[in-house]
Each structure stands twice: as C-alpha cells, then as structure tokens.
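Reading through the structure tokens given below for one structure.
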Number of protein chains: 2
Amino acid sequence: MDTTQRTDQQRSADRRRRELLEAADRVVLRDGPGASMNAIAAEAGITKPILYRHFGDKGGLYAALAKRHTDALLDSLRAALDAPADRRERVEATLDTYLSAIEARPQVYRFLMHPAEGAPSEQGFDVGKHSAPLLRRMGEELAQVIEERLDLGPGSQQLARVWGHGIVGMMHAAGDWWLGERPCSRAELVRSLADLLWGRLAAAGDRVGSPGF
Amino acid sequence: MDTTQRTDQQRSADRRRRELLEAADRVVLRDGPGASMNAIAAEAGITKPILYRHFGDKGGLYAALAKRHTDALLDSLRAALDAPADRRERVEATLDTYLSAIEARPQVYRFLMHPAEGAPSEQGFDVGKHSAPLLRRMGEELAQVIEERLDLGPGSQQLARVWGHGIVGMMHAAGDWWLGERPCSRAELVRSLADLLWGRLAAAGDRVGSPGF
DNA sequence: CATGCGTGTTACTTCCGGTAACACCGAGTC
DNA sequence: GACTCGGTGTTACCGGAAGTAACACGCATG
C-alpha cells in the first residue's frame with residue numbers, strides 16, 4: 001500500500017526537519033535567543049511559513065532545539081553519575097561534566113537556561129511552568145539517582161527530590177556566576193561545591209569576634 | 001539661584017517617577033513580564049513617550065522596577081541573616097524568609113527571576129550578564145556574610161563566594177520547583193534544604209545492593 | 001509681550017510573529 | 001494525455017509592540 005510511500009515521506013520530512021533545526025541552531029548560537037524567524041528561515045535557505053508548518057510556532061522550534069541540546073547534556077551527566085567510583089568522586093565528576101559543557105559552549109548554555117521570550121499572550125501566572133525545562137529535568141534525574149542509591153530513611157522520596165532540585169540549582173547558579181567572572185579554575189570550583197555538599201558549611205568554626213552565622 | 005527650583009523640579013520628577021513605577025508595578029503584576037509599554041502608560045493615565053523620557057527604554061523601566069523589589073527582598077533577607085540565633089537557625093530563617101516572599105507574591109517573583117526579553121540587539125554572548133540580577137546580588141550578599149562570620153582557612157574569600165552563589169542557587173531552584181508543584185509544606189522544604197547544607201548527603205548510607213552513589 | 005522649558009499628545013516608522021492566498025511539481029488515476 | 005491531489009514553496013499581508021519625531025499647552029522669567 002502506501003506504507004512505503006508514507007515512510008519515504010516521513011523520512012524526507014524528518015531529514016528536512018533536522019536540516020532546519022541545524023540551521024536554526026547556527027542562527028541561535030550566533031544571534032542569541034532573540035534570533036528572528038526570518039533570520040532562521042534565511043539561514044536555512046527558505047522562508048518563514050515553512051518553519052511554521054514544521055514547528056507550529058516559535059516556541060515549538062525553540063522547544064525542539066532545546067530538546068536536542070538538553071538530551072545531549074543529560075546523557076553526559078548520566079554517564080558521569082554512573083561512573084564506577086565512590087560517592088564523592090561521582091559528585092565531583094558530575095559537577096565537572098556540567099561545568100565543562102557550559103564552558104565549552106556558553107551560547108548553547110545561555111539559550112537553554114534563559115529561553116524566556118515565552119508566548120506574548122501568557123496571561124495567568126503559571127510560575128515556573130515555562131521557566132527552565134533543563135533545570136527541571138536535571139533536578140528530576142538527580143532526584144531519581146539519589147533516591148535509588150541512598151538510604152535516607154522515612155520520606156526519602158520527597159527528600160531526594162528536594163535535594164535533586166537544590167543541588168542542580170546550586171550547580172547552575174555557581175556555574176553561571178563562574179562563567180561570567182572566572183574567579184578560579186574549574187577544578188577549584190568543583191572542589192568548593194563538593195565541600196559545601198559535604199557539610200563544610202556546618203563544620204566550619206566561627207570567626208573570632210563573630211556571633212556565629 | 002536656581003538650586004531651589006532645581007530641587008522642586010527634581011522632587012516633582014521623583015514623585016512622578018514613583019507614581020509611574022507604581023502603575024507599572026500594577027500592570028506587570030497583572031499581565032506578567034510581557035506587559036506592553038502602552039498598557040503601562042494607560043494604567044498611569046498618560047502615554048508612551050513620557051515613559052521613555054523617564055526610563056529611556058523598556059529595559060530601564062524594568063530595571064527600576066526590579067530594583068525596588070530586589071531591595072525590599074534583600075532587606076528582609078538581611079534581617080533574617082542578622083537575627084540572634086545559632087547558625088542552623090539563621091540558615092533556616094533565611095530560607096524561610098525567601099520562600100515566604102516568593103510564596104506570598106509569585107508574580108513579583110516571576111518578574112524578578114525571569115526578566116529576559118532583553119534588548120533585541122544583544123549580539124555577543126555576554127552570558128549571565130543580564131541574566132538574573134537578583135540572584136547575583138543575593139549570592140554576593142550571602143558570600144559577604146559567610147566570609148565575615150566563618151573561619152574557612154586559606155582561600156576563604158573565594159570559597160565564600162562560591163558558597164554564596166551556590167547556596168542562593170540551591171534556594172532558588174528548590175523554591176521554584178516547590179512553588180510549581182507544592183509537594184510539601186514550607187517548613188519541610190526548609191528543613192530538607194538545611195539538612196542538605198548540613199552534610200546529610202555525605203553522611204547518608206548506601207542503599208542495599210547499590211554501589212554507592 | 002516674547003522666550004524658553006517641562007510636560008503632554010498624536011502620528012509615524014520599523015520590526016517581528018503569524019497567516020492567508022496563491023504557485024509549482026511529481027505521482028497516481030481515468 | 002488531461003486531471004486531480006498532496007506536499008513544498010512563495011509573496012503579500014495583518015496585528016501589535018518598541019521606539020521616535022514633531023507638534024501643542026502651561027507657566028515662569030526677561
């Protein structure tokens with residue numbers, strides 16, 4: 001019947017879609033998240049309506065684009081999280097993997113983390129709904145790993161989720177700041193963050209003459 | 001001379017500016033960060049060019065708006081950070097203050113944290129430059145407090161800054177997620193996060209049959 | 001009375017997201 | 001071979017938002 005035809009068409013459409021995404025990628029990485037649909041279409045050698053036929057609207061294109069990079073980064077992180085080593089080493093490896101990624105491609109990072117621009121008609125305050133999907137996904141993944149491997153006693157699932165999102169946020173914020181100011185080497189940053197997670201904040205002594213933060 | 005006149009004019013201009021900011025506040029809180037300059041002007045009972053004379057461009061208005069709320073929130077946080085209690089209690093009080101604030105006014109929070117929309121012509125990748133000024137400021141403040149009060153040995157200043165930004169990021173991400181899903185009470189969240197900072201991650205035992213995250 | 005000057009307006013330009021309507025082209029059908 | 005039909009492409013437009021130019025009123029001062 002038309003199954004082979006369908007497959008052909010689907011394949012062709014998929015290839016086209018990939019080409020369009022790659023063009024969009026180039027433009028977004030060059031012009032930032034503010035890249036216009038016209039510019040992307042021009043880069044792909046076509047015109048706007050085709051983009052809209054493929055991706056619905058700008059949000060759809062951006063979501064598709066983000067999914068590619070997000071999936072790639074999450075794969076790297078999973079690998080680091082699954083490496084054969086003790087807990088501290090794994091945490092450090094994961095932090096380092098993330099920081100390496102954002103260091104290597106800051107534009108991608110910026111695009112993923114600050115995709116705002118949301119639809120112009122997003123009235124109600126669906127806080128955090130569209131915010132940073134990558135952060136959410138990383139938080140959930142980490143939560144799952146924590147819950148799988150650590151014995152946290154009662155309420156472990158909830159605790160793991162809080163920690164997952166919290167740790168991801170810590171990593172993200174510290175990485176964002178570090179990427180902007182570059183106050184130290186990556187290794188130092190990794191070590192400092194791991195130290196924080198290892199309770200050095202609680203263990204530190206009061207400074208002389210201070211009532212003890 | 002014209003000093004008194006100048007002062008009068010300045011005062012008048014300042015009052016006007018404050019009125020405009022309050023109108024903008026109402027609109028932004030109602031329509032979200034996508035509020036149009038026309039809408040804000042209408043709310044203030046005037047027209048666009050006046051807004052532009054006062055604030056330069058949309059970014060300027062938003063910056064002014066953000067500064068107000070940011071300052072207010074930072075004041076609350078400083079108070080919690082300076083309360084007379086031991087370290088753990090202070091940390092919990094600070095976390096709770098932040099979470100209370102975002103819980104009470106989620107629209108304000110959303111506006112402050114996701115102000116993107118940046119100027120359409122921000123070519124170069126000044127990553128994190130315009131990102132979330134509030135997060136940066138909170139991170140720096142916390143870093144200062146940490147560095148002032150804790151004895152962290154050599155490299156304390158750098159360590160304090162890493163921790164400041166990291167902890168703020170943890171608080172932010174966990175809060176953002178919590179606000180969206182409400183998986184537990186505020187008190188539980190505070191306790192879980194404080195536990196994380198107190199090293200429970202490192203102290204937790206491996207789950208049976210797991211190679212130890 | 002004229003001259004600025006601050007405050008306000010209307011009307012415009014430009015750009016972007018999104019869409020409607022039309023044009024081409026290759027494959028199957030009578 | 002003419003005819004339809006689905007997919008791919010185009011031009012030309014709409015609506016709305018940022019930002020600006022040019023003009024108009026009120027009011028103090030010389």
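Sequence lines set the chain letters: A, B, ... in the order given, protein chains first and strands last, and positions in each chain run from 1. Because the structure is predicted, anything quoted here is derived from the model rather than measured.
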Distance test, side-chain N/O of T47(A) to OP1/OP2 of dT10(D), below 4.0 Å:
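Result: yes.
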Rounded off to whole Å, could you give me the CD1-to-P distance for the I46(B) and dA24(D) pair?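 The distance from CD1 of I46(B) to P of dA24(D) comes to 21 Å, rounded to the nearest Å.
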Polar atoms only, N or O, under 3.5 Å: list the protein pairs with nucleotides 13-17 of chain D and their distances.
none

Would you call [X] and [Y] a salt bridge, using N to O less than 4.0 angstrom?
| X | Y | answer |
| --- | --- | --- |
| R17(B) | E22(B) | no |
| D82(B) | R90(B) | no |
| R78(B) | D71(B) | no |

Let's test your reading of the model: under 3.5 Å, does the base of dG9(D) pair with the side chain of R53(A) as donor and acceptor?
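By the distance-only test, yes, there is a pair.
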### Base of dG7(D) paired with side chain of R16(A) (donor-acceptor, under 3.5 Å)
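By the distance-only test, no, there is no pair.
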Who passes salt bridge (charged side-chain N to carboxylate O under 4.0 Å, His left out) against E92(B), sequence neighbours left out?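 Residues passing salt bridge (charged side-chain N to carboxylate O under 4.0 Å, His left out) with E92(B): R88(B).
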Rounding to 10°, can you tell me the angle the first-five-pair axis of the helix from dC1(C)-dG30(D) to dC30(C)-dG1(D) makes with its last-five-pair axis?
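So the angle between the two local helix axes works out to 30°.
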Between the protein and nucleotides 24-26 of chain C, list the N/O to N/O atom pairs that are separated by less than 3.5 angstrom.
none

> Side chains of L159(A) and R200(B): closer than 4.5 Å at any heavy-atom pair?
Replying inline: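 Yes, their side chains come closer than 4.5 Å.
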Q. Sequence neighbours excluded, which residues qualify as side-chain contact (heavy atoms from CB on, under 4.5 Å) partners of E140(B)?
A.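 Here the qualifying residues are W177(A), E181(A), R161(B), H165(B).
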Can you name the side-chain contact (heavy atoms from CB on, under 4.5 Å) partners of Q158(B), sequence neighbours left out?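 So Q158(B) forms a side-chain contact (heavy atoms from CB on, under 4.5 Å) with P183(A), C184(A), E188(A).
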Original post:
From dG9(D), dG18(C), dT20(D), pick the nucleotide closest to the side chain of Y52(A)?
Top reply: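 So the nucleotide nearest the side chain must be dG18(C).
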Quiz item: 5'-most contact on DNA chain D: G45(A) or P49(B), nearest heavy atom basis?
Solution: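 The residue mapped nearer the 5' terminus is G45(A).
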Taking the six-membered ring for Trp, are Y62(A) and F111(A) ring centroids under 6.0 Å apart?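 Here the rings of F111(A) and Y62(A) have centres that are less than 6.0 Å from each other.
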Regarding S100(A) and R186(A), do their side chains bring together a donor and an acceptor under 3.5 Å, going by distance alone?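 Yes, R186(A) and S100(A) have a side-chain donor paired with an acceptor closer than 3.5 Å.
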